[in-house]
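These notes are about the structure you will find just below.
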Amino acid sequence: MNKDWMDVKEVLDDKYTGKKVNLRGWIHRTRNIGNMVFLNLRDPTGIVQVTVAKDELEEDRFEEVKSLLIESSIKVTGQVVSDQRAPDGFEVRARDVKIVHPANVFPIQEDHSVEHLLENRHLWLRSTRMRNILSIRSTVFGAIHEFFRSKGYKEFQSPIITPLACEGGATLFPVDYFDEEVYLTQSWQLYAEAAIFGLGNIYTIAPSFRAEKSKTPRHLTEFWHAEVEGLWLDNDELIELGEGLVLHIAKKVLEDDRQELENIYKDGVEYLENLEGPFPRITYEEAIDLLKKEGMEVIYGDDFGVPEEKKLTSLFDKPVFVTHYPKEIKAFYMKRDENDPTKVLGYDLMVPHVGELIGGSVRETDVDSLIARLKEEGEDPSNYEWFLDTRRYGSVPHAGYGLGIERVIMWLCNLDHIRDAIPFPRTPNRYRP
RNA sequence: GCCGUCGUAGCUCAGUGGUAGAGCACUCGGCUGUUAACCGAGCGGUCGCCGGUUCGAAUCCGGUCGACGGCGCCA
């Protein structure tokens, strides 16, 4: 190996012990004891201790290094030694330190409130915790592309600016479009249903926007949505497509980010390692019965709240599919079950702590049924003419789902709050920085 | 939308009617093996904002703004 700059991780992996290295990065912490300075040098791969002795540097340079504040950027040349006194068993004895850019007083110290970290999110991204999470996030995005493309699905983009709603009840962010009111998209789905009859099976990863004042640990107003639409799929095939994606994501994160995952959540690794299909599948009615058996007061026809979700997911050691919900509590576009027209062919995939990870359904293709359901939801069907057209010209059975990517990350990392699953979270009370 | 908690130094907090406090950070001094170093000194405030009660309000009362937490709704 012969290169100019080494990674901190390589030093900690014993690749350069006894040798000279060149490192560059940021001062994570610094301690000076007079004629010697201890620096913890951070780069994107890790943190290593650097010792700077007064004898080794020119006097002026030593005084400069001594006065550097946390987060100053530097280049270090020195020798790697194995030393039990160093935090990770290895340290770099500096021969030369070049100051790239001294830092002002860093606003984030050891004690910090949630609010302070959110105000300084642009600086908090340098933390080990955020670095680990964002690495896992990157892997999750890659895994989703990989999964769908390996199955022959093509990537299709819908507009972000749109004139119509999609999810009944969900509120839209209005946008002033040259004096007309349009909205930020809530979902890719309706446009996907137009594209599917030409392109075939498609998927996307795109932001979705929900103007709901949901002050919960599971909601963002702007979140990243992985959505898929497949031709000829029935509900069972759609379940397999959802299960396959979740399993593939978990596998990839274990492969590529095991260390990052362990840094955040030690128990997560074992849970994910043991995760395999098939996930349990129960109907809405069976879920109601289970909850009643557990002593909960649930009324048939009600959607599950947080207490019901918690109870239900606690009964299984894997994510659980709940199928065949009553049509009244689900979106207008879901197809009714021919065997029981009060139910829809669709499902939610639920996991502990997070709740719903995926919501999917077979799509209704009958124009009259769609119009009737739209009216029930208080929508004006004339706003949906182009969508209804997709059913008027040789529609075929099809199905799809949406997966909340931040919720997947929250689940994988066992995060207390979904806002840590995204670099700059947007919540009802926060849109800065 | 509903319920709750909290706003005091750059940060984290104490102070519940009588002169505004601590730890950390920062500055200066000391120290060649520190691990959130340590020791000494210094700097640092319109107690969120508006109004009221009182001889006197960070403290009591009313309002307001903001943040956080929980519920509902959803992915």
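Basis for what follows: all heavy atoms, side chains included, without hydrogens, waters or symmetry-related copies. Letters go in sequence order (proteins before strands), and every chain restarts at 1.
The aromatic ring of A:F38 does not sit over the base of B:G33, since the test of centres under 5.5 Å and planes under 30° is not met.
Judged by distance alone, with hydrogens and angles left aside, A:E91 brings a side-chain donor or acceptor within reach of the base of B:G33, the pair sitting under 3.5 Å. Within 3.5 Å, a donor on the side chain of A:H219 pairs with an acceptor on the base of B:C74, or the reverse. Side chain A:N32 to base B:C31: a donor-acceptor pair is found below 3.5 Å. In terms of polar N and O atoms assigned as donor or acceptor, the side chain of A:Q109 comes within less than 3.5 Å of the base of B:G10 in a complementary pairing.
Listed nucleotides: B:U34, B:G69, B:G72. Nearest to the side chain of A:I33: B:U34. Of all nucleotides listed (B:C31, B:A75, B:C73), B:A75 comes nearest to the side chain of A:R210. Listed nucleotides B:C74, B:C68, B:G33 differ in distance to A:T51; the shortest reach to its side chain belongs to B:G33. Here B:U12 is the nucleotide among B:U12, B:A75, B:C73 with the atom lying nearest to any side-chain atom of A:S113. In this structure, of B:C11, B:C71, B:C74, it is B:C11 that holds the atom nearest to the side chain of A:H116. Of the candidate nucleotides B:C2, B:U27, B:U34, B:U34 has the atom lying nearest to any side-chain atom of A:R31. Of the candidates B:C73, B:A75, B:G1, B:C73 carries the atom nearest the A:T216 side chain, counting heavy atoms from C-beta on.
No salt bridge links A:R137 with A:E260; every basic N to acidic carboxylate O contact stays at or beyond 4.0 Å. A:D289 and A:K292 are not joined by a salt bridge, as no carboxylate oxygen comes within less than 4.0 angstrom of a charged side-chain nitrogen. The residues A:R210 and A:E222 are annotated as not salt-bridged, no charged nitrogen and carboxylate oxygen being separated by less than 4.0 angstrom.
Between A:F424 and A:W124, a ring centre-to-centre spacing not shorter than 6.0 Å is recorded. For A:Y284 and A:F304, the distance between ring centers is under 6.0 angstrom.
Across all strands shown, B:A36 remains unpaired; no Watson-Crick or G-U wobble contact has both distances below 3.5 Å. Across all strands shown, B:C68 forms a Watson-Crick or G-U wobble pair with B:G4, both key distances being under 3.5 Å. In this entry B:C31 has no Watson-Crick or G-U wobble partner, no candidate having both defining distances under 3.5 Å. Remark: B:C49 base-pairs with B:G63; criterion is Watson-Crick or G-U wobble with both hydrogen-bond distances under 3.5 Å. Nucleotide B:C26 forms a pair with B:G42, judged by Watson-Crick or G-U wobble geometry with both contacts under 3.5 Å. For B:G56, there is no paired base (Watson-Crick or G-U wobble, both distances below 3.5 Å).
OP1 or OP2 of B:C74 has not a single side-chain nitrogen or oxygen of A:R407 nearer than 4.0 Å. The side chain of A:S214 places no N or O atom within less than 4.0 Å of a non-bridging phosphate oxygen (OP1 or OP2) of B:C74. Between A:N35 and B:C31 there is no side-chain polar atom (N or O) within less than 4.0 angstrom of OP1 or OP2. Taking side-chain N and O atoms only, A:R218 has no distance below 4.0 Å to OP1 or OP2 of B:G70.
Using a 4.0 Å heavy-atom distance criterion, A:I405 is classed as making no nucleic acid contact. Residue contacts for A:V306: at a heavy-atom cut-off of 4.0 Å it reaches the sugar-phosphate backbone alone, with no base atom in range. Across all strands shown, A:K54 has no heavy atoms under 4.0 Å from either base or sugar-phosphate atoms. Across all strands, A:P428 comes closer than 4.0 Å to no nucleic acid atom at all (heavy-atom distances).
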Apply side-chain hydrogen bond (donor to acceptor under 3.5 Å, both in side chains) to A:N429 and A:T427, showing your working.
CA-CA 5 Å; A:N429 285 336; A:T427 57; over 6 Å; no

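Taking the syn range as angles within 90° of 0, the glycosidic angle of B:U16 is syn.
Taking atom C1' in both B:A20 and B:C47, the straight-line distance is 8 Å, to the nearest Å. Comparing B:G52 with B:G1, their C1' atoms are spaced 31 Å from each other, to the whole Å.
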